[in-house]
Every structure is written in C-alpha cells, then in structure tokens.
Novice: 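Structure incoming, see below.
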Amino acid sequence: MAGSVAFGSVPTRLGDMVVAVTEDGVAGVGWGDLSPFRARMLGRLGLEEKDDPGMTAAVLGELGEYYEGGLKVFGVPVDWRLTSPVQRRVLGTLYETVPYGKVVTYGELAARSGTGVPARAIGSIMGANPVPVIVPCHRVVAGNGLGGFSGGEGVESKRRLLTLEGYLQPMLDWD
C-alpha cells in the first residue's frame with residue numbers, strides 16, 4: 001500500500017469544509033458534502049481510505065479556529081502531491097509570502113514565483129489549488145478588483161474570507 005487518506009468535515013460560517021489528509025499532510029480541502037469530495041479525492045490520490053479521525057483532527061480544528069477569527073497562520077503540513085512542479089512553486093510562494101489580512105495581485109504573484117508564468121495563467125493555478133483557505137488563493141486579487149474564485153460560492157466566498165481576515169470592510173449581511 002502506498003499510503004492512506006482520511007476524510008473529515010467541519011461546519012463553518014461559509015458552510016461545511018471538507019478535508020483529505022494523508023500521512024504527509026492536508027492533500028485536499030473543499031466546500032460542501034463530504035461524499036462527492038471523498039470520491040473525487042480517492043480517484044485523484046489513488047490511496048486507500050482510512051477511517052482515522054485522529055488524522056483529520058488537527059486540520060479540522062485549525063479550520064474551525066480560523067473561521068472563528070482566532071487562527072492567523074495554519075500549522076498543519078500540506079501534502080503537495082496533487083500539484084505540478086510549477087503549480088507547487090506558485091502556490092508555495094503564495095503560502096510562504098502572503099500573510100493573513102494581506103493580498104497580492106496575479107501579476108505580483110507571477111513575478112514573485114519566478115516561474116515565468118504570465119499573470120493570466122496564475123488565475124488557472126489558483127483555480128486548481130487543491131488546498132484552498134490553507135494555501136490562501138483567496139488572497140490573490142486582480143489589479144482592478146477581487147478577480148475570480150472557484151471555491152465555495154465563488155467570488156462571494158472570496159469576499160467573505162477577505163472580510164474575515166480584515167482586508168475588506170464588513171458588509172451588512174455578514175453575521
């Protein structure tokens with residue numbers, strides 16, 4: 001056996017967050033129902049499923065704490081196996097250089113990563129991020145606005161995450 005993966009979920013202000021955790025770290029994060037996420041991740045990872053709440057406890061705890069406003073830096077390890085070397089470099093640069101409450105433009109991230117990837121392609125890499133929130137693709141914005149977001153409920157989820165982090169001012173509908 002080449003390893004195993006455990007799954008779990010935690011309710012948040014933006015709906016249920018679901019996770020896939022291997023022995024190496026968090027390999028996947030998503031929104032919504034666990035069942036379709038589990039099936040998709042099992043297919044992508046090619047690992048055996050393990051029913052082990054202990055494997056997911058740390059990341060679920062950190063996600064819950066993040067959404068309550070108490071966690072600014074995730075400490076759980078990330079398993080980068082679902083990313084290509086270029087994606088890993090771009091996402092790793094984001095992960096390491098853009099802290100809580102700050103943003104970077106697509107062009108700035110392209111330059112920082114040193115990959116030669118054009119700014120327009122950075123959006124595709126963000127959309128393919130297997131570990132959103134923990135690897136904070138919501139902190140990558142367009143030069144003239146928020147830009148896109150493929151997680152949760154799209155740009156509305158991005159807006160709420162940036163509001164939670166204090167980058168954007170709260171809207172009247174934020175509880």
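These numbers were taken from a predicted model, which means no experiment stands behind them.
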Novice: Is any side-chain heavy atom of Thr83 closer than 4.5 Å to one of Leu91?
Specialist: yes
Novice: Backbone N or O of Glu65 within a donor-acceptor pair of the Glu68 side chain at under 3.5 Å?
Specialist: no
Novice: Determine whether a donor-acceptor pair (N or O, by modelled atom type, separation under 3.5 Å) exists between the side chain of Lys102 and the backbone of Tyr167.
Specialist: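 Not confirmed, Lys102 side chain does not pair with Tyr167 backbone.
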Novice: Please determine whether residues Leu34 and Met41 belong to a single hydrophobic cluster, defined as Ile, Leu, Val, Met, Phe, Trp and Tyr linked transitively by side-chain heavy-atom distances below 4.5 Å.
Specialist: yes
Novice: Within this structure, what is the CZ-OG distance for the pair Phe7 and Ser35, rounded to the nearest 0.5 Å?
Specialist: 10.0 Å
Novice: Taking atom CD of Glu96 as the centre, does the number of heavy atoms from other residues, nucleotides or ligands within less than 6.0 Å exceed 12?
Specialist: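 For Glu96, atom CD is crowded (more than 12 foreign heavy atoms under 6.0 Å).
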Novice: A side-chain contact here means heavy atoms from C-beta on lying under 4.5 Å apart; do Lys158 and Val141 qualify?
Specialist: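 Yes; the side chains approach each other to less than 4.5 Å.
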Novice: Evaluate the side-chain contact (heavy atoms from CB on, under 4.5 Å) criterion for residues Leu42 and Leu47: first the C-alpha distance (whole Å), next the side-chain angles of each, then the deciding distance (0.1 Å), finally the verdict.
Specialist: CA-CA 6 Å; Leu42 284 170; Leu47 300 175; 5.7 Å; no
Novice: Determine whether Trp31 and Leu14 make a side-chain contact, defined as any pair of heavy atoms from C-beta on separated by less than 4.5 Å.
Specialist: yes
Novice: Under 4.5 Å between any side-chain heavy atoms of Leu146 and Leu162, yes or no?
Specialist: yes
Novice: For the CZ atom of Phe149 and the CZ atom of Arg159, what is their distance to the nearest 0.5 Å?
Specialist: 13.0 Å
Novice: Just by distance, do the side chain of Asn129 and the backbone of Val135 share a donor-acceptor pair under 3.5 Å?
Specialist: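 Yes: the side chain of Asn129 pairs with the backbone of Val135.
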Novice: Is Val76 linked to Tyr95 within one hydrophobic cluster, defined over Ile, Leu, Val, Met, Phe, Trp and Tyr using a side-chain heavy-atom separation of less than 4.5 Å?
Specialist: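 Cluster IDs for Val76 and Tyr95 match.
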Novice: Are Leu164 and Val10 connected in a single hydrophobic cluster, I mean Ile/Leu/Val/Met/Phe/Trp/Tyr linked by side-chain heavy atoms less than 4.5 Å apart?
Specialist: yes
Novice: Identify the heavy atoms of Gly8 and Thr56 that sit nearest to each other, and give their distance.
Specialist: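 Minimum heavy-atom contact is N-CG2, 4.0 Å.
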Novice: Apply side-chain contact (heavy atoms from CB on, under 4.5 Å) to residues Val26 and Trp80 and explain how you reach the verdict.
Specialist: CA-CA 8 Å; Val26 183; Trp80 298 97; over 6 Å; no
Novice: Cut-off 3.5 Å, side chains only: do Ser9 and Asp16 have a donor facing an acceptor?
Specialist: no
Novice: Does Arg160 pair with Glu156 as a salt bridge, N-O distance under 4.0 Å?
Specialist: yes
Novice: Could you tell me which non-hydrogen atom of Gly127 sits nearest to which non-hydrogen atom of Ser150, and how far apart they are?
Specialist: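 For Gly127 and Ser150, the tightest heavy-atom pair comes out as O-OG, 3.4 Å.
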Novice: Drop me the distance from Arg112's CZ to Thr105's OG1, to the nearest 0.5 angstrom.
Specialist: 8.5 Å
Novice: Can you establish whether the number of heavy atoms outside Glu49 located under 6.0 Å from its atom CD is more than 12?
Specialist: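 Above 12, so yes.
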Novice: On a heavy-atom basis, which atom in Val5 and which in Ala20 lie closest, and how many Å separate them?
Specialist: CG2-CB, 3.8 Å
Novice: I'd like to know if Phe37 and Leu45 are part of one continuous hydrophobic network [Ile/Leu/Val/Met/Phe/Trp/Tyr, side-chain heavy atoms within less than 4.5 Å].
Specialist: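 The answer is yes; both residues are in one hydrophobic cluster.
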Novice: Check whether any side-chain heavy atom of Val98 lies under 4.5 Å from a side-chain heavy atom of Val140, and answer yes or no.
Specialist: no
Novice: Shortest non-hydrogen contact from Pro130 to Ala27?
Specialist: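 Heavy atoms only, the tightest pair is CB-O, 3.6 Å.
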Novice: Given Arg81 and Thr22, is the side-chain contact (heavy atoms from CB on, under 4.5 Å) satisfied, shown in steps?
Specialist: CA-CA 10 Å; Arg81 75 179 71 202; Thr22 69; 3.6 Å; yes
Novice: Which value, rounded to the nearest 0.5 Å, describes the distance between Thr163 atom OG1 and Arg13 atom CZ?
Specialist: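 Rounded to the nearest 0.5 Å, the OG1-CZ separation comes out at 9.5 Å.
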Novice: Would Leu168 and Tyr100 show up in the same hydrophobic cluster when neighbours are defined by side-chain heavy atoms closer than 4.5 Å?
Specialist: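 Different clusters: Leu168 never reaches Tyr100 through Ile, Leu, Val, Met, Phe, Trp or Tyr contacts under 4.5 Å.
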Novice: Hey, are Glu23 and Ser4 close enough side-chain-wise for a donor-acceptor pair under 3.5 Å?
Specialist: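 There is such a pair (donor and acceptor under 3.5 Å, judged by atom type) between the side chains of Ser4 and Glu23.
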Novice: Checking salt bridge (charged side-chain N to carboxylate O under 4.0 Å, His left out) for the pair Glu165/Lys72: CA distance, chi angles, key distance, verdict?
Specialist: CA-CA 8 Å; Glu165 294 186 7; Lys72 309 279 190 262; over 6 Å; no
Novice: May I ask you to decide if the ring planes of Phe74 and Tyr66 are parallel, tilted or perpendicular, using 30° and 60° as cut-offs?
Specialist: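 Correct class here is tilted.
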Novice: A side-chain contact here means heavy atoms from C-beta on lying under 4.5 Å apart; do Gln87 and Ser84 qualify?
Specialist: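 Answer yes - side chains close enough.
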Novice: So how far is it from Met126 CE to Leu94 CG, rounded to the nearest 0.5 Å?
Specialist: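 Interatomic distance, Met126 CE to Leu94 CG, rounded to 0.5 Å: 5.5 Å.
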Novice: If I take atom CZ from residue Arg139 and atom CG from residue Leu109, how far apart are they, to the nearest 0.5 angstrom?
Specialist: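 Interatomic distance, Arg139 CZ to Leu109 CG, rounded to 0.5 Å: 12.5 Å.
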Novice: So which heavy atom on Val73 is nearest to which on Leu71, and how close?
Specialist: O-CD1, 3.3 Å
Novice: Let me see the working for Tyr67 and Met17 under side-chain contact (heavy atoms from CB on, under 4.5 Å), right down to the final yes or no.
Specialist: CA-CA 10 Å; Tyr67 278 100; Met17 296 294 303; 3.4 Å; yes
